[in-house]
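Right, one structure below, let's go through it.
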Amino acid sequence: MSTKRFENQVAVVTGAGRGIGEGIARHLASEGAKIAVVSRTESNSVRTAEAINAIAPDSARPYAVDVADFDAVQKVGEQILADFGRCDILVNNAGITRDTLAMRMSSEDWDVVLQTNLKGAFSFTRAILRAMVKQRSGRIINISSVSGLMGLAGQANYAASKAGLIGMSKSIAREIASRGITVNVVAPGFIETDMTSVLNEEVRKGALSQIPLTRFGAVEDIASAVAFLASKEAAYITGQVLAVDGGMSM
Ligand code: NDP
């Protein structure tokens with residue numbers, strides 16, 4: 001295990017039932033953090049929490065909630081704060097895609113992506129922020145996407161949600177900087193998870209041809225960037241977007 005940068009700290013990670021969120025939760029736990037593992041599907045959050053507890057006993061607890069449900073998130077946020085007593089790091093990672101060309105995009109495709117990716121991140125931030133302000137410390141890291149920086153065909157809904165996260169993050173960063181809380185964004189490129197495994201060979205080849213570092217990213221590439229932004233070393237960084245994309249968006 002590497003140095004324990006997050007000893008005695010509590011991290012809330014949404015969408016931690018699998019994929020990038022699970023990788024972030026495991027990484028922060030490996031550096032000593034206690035983890036509130038949040039997912040939509042209970043069995044997924046339970047599985048991640050059990051995997052973490054098998055390595056670091058009693059350090060993770062599972063929570064199941066739809067991040068797009070304001071009232072439910074408020075309740076889960078209160079529960080997490082009651083269970084752990086504090087929150088030092090919030091990673092808003094839960095997200096979905098409903099890719100299709102704008103001409104064919106249904107109202108439901110638009111709404112569900114904006115609600116999950118953008119409203120979901122606002123919802124959890126609001127639920128946790130007061131506790132961070134009282135502590136006069138905290139780190140909020142929102143997971144955007146290269147799509148939010150560059151736009152990608154077939155992702156009008158997704159790109160809007162991910163670009164929206166950047167504006168939201170900068171606004172909140174300005175509101176709470178004086179309280180010792182930083183808000184930053186990680187914008188992953190093409191990372192190997194369930195989200196990208198559904199893409200066909202042609203789309204994968206097309207994506208690969210746009211990545212200067214000539215490979216898709218791994219979950220750990222994102223987790224280590226998040227850990228940096230959550231650490232003391234990043235204390236003077238706020239309102240920034242860190243693209244972790246093999247050079248795709250430069
Ligand atoms: P996955 O599809 O592998 O996992 C998504 C996670 O989000 C799951 O844990 C899922 O919960 C959770 N989730 C989805 N909707 C909700 C909801 N309404 N409420 C609560 N939790 C929800 O995605 P990735 O790991 O690939 O992506 C994670 C983040 O990274 C997303 O925000 C995505 O947009 C972003 N990203 C991913 C890229 C990639 O290439 N993979 C590239 C750029 C950005 P459950 O497991 O319970 O269903």
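Only this structure's heavy atoms are used, side chains among them; waters, hydrogens and symmetry mates stay out. Remember, it's 1-based here, ligands and their atoms both numbered in the order they're listed. Residue numbers run from 1 in the order of the sequence given.
Residue contacts with ligand 1 for N93 involve both N, CA, C or O and side-chain atoms from C-beta outward (heavy atoms, distance under 4.0 Å). Only the backbone of S144 comes within contact range of ligand 1, with a heavy atom under 4.0 Å; no side-chain atom does. When heavy-atom distances to ligand 1 are checked against a 4.0 Å cut-off, I20 comes that close through both its backbone and its side chain.
Within the structure, the salt bridge (charged side-chain N to carboxylate O under 4.0 Å, His left out) test picks out the following pairs touching residues 233-250 (sequence neighbours left out): R5-E233.
Per-residue contacts place D66 under 4.0 angstrom from the following atoms of ligand 1 (heavy atoms of the residue considered): 17 (C), 18 (N), 19 (N). Listed by number with element, the atoms of ligand 1 under 4.0 Å from a non-hydrogen atom of G17 are 9 (O). Remark: ligand 1 atoms within the under-4.0 Å shell around heavy atoms of T41 are 45 (P), 47 (O), 48 (O).
Of the candidates V65, T14, D245, V65 brings a heavy atom nearest to atom 20 (C) of ligand 1. Closest heavy-atom approach to atom 36 (N) of ligand 1 within the set F216, F190, Y158, F124: this belongs to Y158. Of the options I96, T193, L199, the smallest heavy-atom separation from atom 41 (N) of ligand 1 is shown by T193. Proximity annotation for atom 40 (O) of ligand 1: of V67, T97, I191, I191 comes nearest, heavy atoms only. When the heavy-atom distances from atom 6 (C) of ligand 1 to A207, S147, G15 are ranked, the shortest goes to G15. Closest heavy-atom approach to atom 48 (O) of ligand 1 among the candidates Q155, R40, M195, K162: R40.
Counting only heavy atoms of the protein, atom 5 (C) of ligand 1 lies nearest to G95 O, 3.8 Å. In this structure, the protein non-hydrogen atom closest to atom 45 (P) of ligand 1 is S39 OG, 3.2 Å. Summary of contacts: the protein heavy atom closest to atom 13 (N) of ligand 1 is A94 CB, 3.9 Å. Counting protein heavy atoms only, atom 38 (C) of ligand 1 is closest to G189 O, 3.8 Å. The nearest heavy-atom contact from the protein to atom 2 (O) of ligand 1 is R18 NH1, 3.3 Å.
By the 4.0 Å N-to-carboxylate-O rule, D69 lies too far from K75 to be salt-bridged with it. A salt bridge does not link D66 with R40: every distance from a Lys NZ or Arg NE/NH1/NH2 to an Asp or Glu carboxylate oxygen is 4.0 Å or more. With respect to the salt-bridge test (charged N to carboxylate O, under 4.0 angstrom), the residues E201 and K205 do not qualify. Between E192 and R204 there is a salt bridge, with a side-chain nitrogen of the basic residue lying less than 4.0 Å from a carboxylate oxygen of the acidic one.
Using a distance-only test at 3.5 Å, with no hydrogens or angles considered, no donor-acceptor pair links the side chain of N44 to the main chain of R18. The main-chain N or O of K34 is never found under 3.5 Å from a side-chain atom of Q9 such that the two would form a donor-acceptor pair.
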Assess the residue pair D109 and N157 against the criterion (side chain to side chain donor-acceptor pair (under 3.5 Å)); give the C-alpha distance rounded to whole Å, side-chain angles, the decisive distance to 0.1 Å, and a yes or no.
CA-CA 7 Å; D109 288 337; N157 51 358; 5.7 Å; no
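Between I141 and L90 there is no side-chain heavy-atom pair separated by less than 4.5 Å.
The closest approach between a heavy atom of S45 and any atom of ligand 1 is not below 4.0 Å.
For T48 against A25, the heavy-atom pair with the smallest separation is CG2-CB, 4.5 Å.
The number of heavy-atom neighbours closer than 6.0 Å to NZ of K119, taken from other residues, nucleotides and ligands shown, is above 12.
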